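Being a predicted model, the structure only gives us computed values, none of them experimental.
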Amino acid sequence: MPSALLLIPVFEVLGLLGFIQLAQMPNSQALRYLPFVLAAILVVWIAMRQGKTLTLKGVAIAAFLIALVFVACFQFMGLMFTGLAKDIDVFSVENFIRLGLIAISVFVGHAGLLAVARWLPHMLQHTERRQ
């Protein structure tokens with residue numbers, strides 16, 4: 001697995017932090033989604049550059065590691081920013097279920113993104129050969 005793929009959860013967490021910071025400022029409400037957009041652009045760019053060399057097993061491993069890193073960072077941020085983990089104890093069933101749902105969503109989303117990044121260059125080559 002290319003190590004550059006581990007930058008994906010870092011950019012996602014930075015996008016979330018930027019959103020939190022801009023949402024707290026009263027004069028920047030129109031720009032609060034900008035960190036999400038910038039993070040999404042970087043995530044897709046990294047996935048398309050690095051994902052085309054992955055095998056299906058590599059896609060699953062990369063998506064799992066990305067989900068694991070993202071959930072760990074999200075839990076840490078929940079301890080720093082109370083709005084992310086409002087009224088939830090760190091060691092509770094509710095927190096485990098919440099983090100499990102987040103991890104599953106992140107895994108499925110990134111597995112899909114990396115599968116498309118793997119599949120798209122092959123499909124484009126196949127289309128060019130037919131013409």
If you round to the nearest 0.5 Å, how far is [atom2] of [Y] from [atom1] of [X]?
| X | Y | atom1 | atom2 | result |
| --- | --- | --- | --- | --- |
| Lys52 | Trp119 | NZ | CH2 | 15.5 Å |
| Phe96 | Leu101 | CZ | CG | 10.0 Å |
| Gln75 | Phe70 | CD | CZ | 12.0 Å |
| Leu99 | Ile104 | CG | CD1 | 11.0 Å |
| Leu68 | Phe107 | CG | CZ | 11.5 Å |
| Leu56 | Leu114 | CG | CG | 11.0 Å |

Of the non-hydrogen atoms in [X] and [Y], which two are nearest, and what is the gap between them?
| X | Y | result |
| --- | --- | --- |
| Ala63 | Ala111 | CB-N, 3.7 Å |
| Arg118 | Leu54 | NE-O, 2.7 Å |
| Gly15 | Pro35 | O-CB, 3.4 Å |
| Ala47 | Leu5 | CA-CD2, 4.4 Å |

*Show the numbers, then the answer: is there a side-chain contact (heavy atoms from CB on, under 4.5 Å) between Leu6 and Val10?*
CA-CA 7 Å; Leu6 291 178; Val10 171; over 6 Å; no
Do the side chains of [X] and [Y] join up, straight or via other hydrophobic residues, at under 4.5 Å, putting them in one cluster?
| X | Y | value |
| --- | --- | --- |
| Leu7 | Val37 | no |
| Leu34 | Ile41 | no |
| Phe36 | Phe11 | yes |

*Determine whether more than 12 heavy atoms belonging to other residues, nucleotides or ligands lie under 6.0 Å from atom CZ of Phe64.*
no
_Applying side-chain contact (heavy atoms from CB on, under 4.5 Å) to Ile20 and Met77, what does each step give before you reach the verdict?_
CA-CA 11 Å; Ile20 291 170; Met77 285 175 35; 4.3 Å; yes
*List the steps and the verdict of side-chain contact (heavy atoms from CB on, under 4.5 Å) for Phe74 and Arg98.*
CA-CA 11 Å; Phe74 185 80; Arg98 180 178 68 99; 3.0 Å; yes
